[in-house]
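I have placed the structure first, in the form of structure tokens, so that the comments after it can refer back to it.
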Amino acid sequence: MTRVAKRKLKRLMHLIYAKKYKRGYDWKGYEVYEPVYKEDIYIGGPFVFFVSGDNVWLASREEGFDYIDYSIAMDEATEKAANQS
């Protein structure tokens, strides 16, 4: 992630009161970051941020849910591969 994108992402996390962010799985050529909160929150659709170069933006509701489905599938595949070894 570029320094400019990192600054933008930190500013966005501050605006949504996230404690920090974690890296998700790359998706459709974008770096993905998810907010991390001190406590569980209920906000409606998922907050997922895409990064490409210096550009940082919040995924649309549909993209957010598509990414979450993808992320769950990746987690399951990773867990399955770890259990096979």
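If you read the sequence from its start, that first residue is 1, and numbering goes on from there. Every heavy atom of this structure was used, including side-chain atoms; hydrogens, water molecules and symmetry mates were not.
More than 12 heavy atoms of other residues, nucleotides or ligands sit less than 6.0 Å from atom CZ of R23. Residue Y30 places its OH atom among 12 or fewer non-hydrogen atoms of other residues, nucleotides or ligands, all under 6.0 Å distant. Applying the 6.0 Å contact sphere to NZ of K6 captures no more than 12 heavy atoms from other residues, nucleotides or ligands.
Hydrophobic clustering of Ile, Leu, Val, Met, Phe, Trp and Tyr side chains at less than 4.5 Å, counting indirect connections, unites L9 with I16. Y70 and I72 fall within the same hydrophobic cluster, defined by Ile, Leu, Val, Met, Phe, Trp and Tyr side-chain heavy atoms under 4.5 Å apart, directly or through other members. Y37 and L12 fall within the same hydrophobic cluster, defined by Ile, Leu, Val, Met, Phe, Trp and Tyr side-chain heavy atoms under 4.5 Å apart, directly or through other members. Transitive grouping of hydrophobic side chains (ILVMFWY, heavy atoms separated by less than 4.5 Å) brings F47 and V56 into a common cluster. Linking Ile, Leu, Val, Met, Phe, Trp and Tyr whenever their side-chain heavy atoms come within less than 4.5 Å puts V51 and L58 in one cluster.
Scanning all heavy atoms of the two residues, the minimum distance from S71 to E34 falls at OG-OE2, 4.4 Å. Taking every heavy atom of both residues into account, K38 and K19 meet most closely at N-CB, 4.2 Å. When all heavy atoms of A59 and G64 are compared, the pair lying nearest together is CB-N, 4.0 Å.
Contact of the Y21 side chain with the V36 side chain is not registered, since no non-hydrogen atoms from C-beta on lie closer than 4.5 Å. In this structure the side chain of Y67 never reaches within 4.5 angstrom of the side chain of P46, judged on heavy atoms. Between Y25 and V32, every side-chain heavy-atom pair lies at or beyond the 4.5 Å cut-off. Side-chain contact between M13 and K20 is absent, with no heavy-atom pair separated by less than 4.5 Å. Between E76 and K80 there is no side-chain heavy-atom pair separated by less than 4.5 Å. Side chains of W57 and F49 form no contact here, defined as non-hydrogen atoms less than 4.5 Å apart.
Judged by distance alone, the side chain of T2 and the main-chain N or O of A5 form a donor-acceptor pair under 3.5 Å. Between the side chain of K8 and the backbone N or O of D54 there is at least one donor-acceptor pair closer than 3.5 Å. Judged by distance alone, with hydrogens and angles left aside, the side-chain atoms of T78 form a donor-acceptor pair with the main-chain N or O of M74 at under 3.5 Å. A distance-only check finds a donor-acceptor pair linking the side chain of E63 to the backbone of S60 [under 3.5 Å].
The distance from the CG atom of D66 to the CD atom of E62 is 8.0 Å, given to the nearest 0.5 Å.
Ring geometry, W27 versus F50: the interplanar angle falls under 30°, so the pair is classed parallel (tilted spans 30 to 60°).
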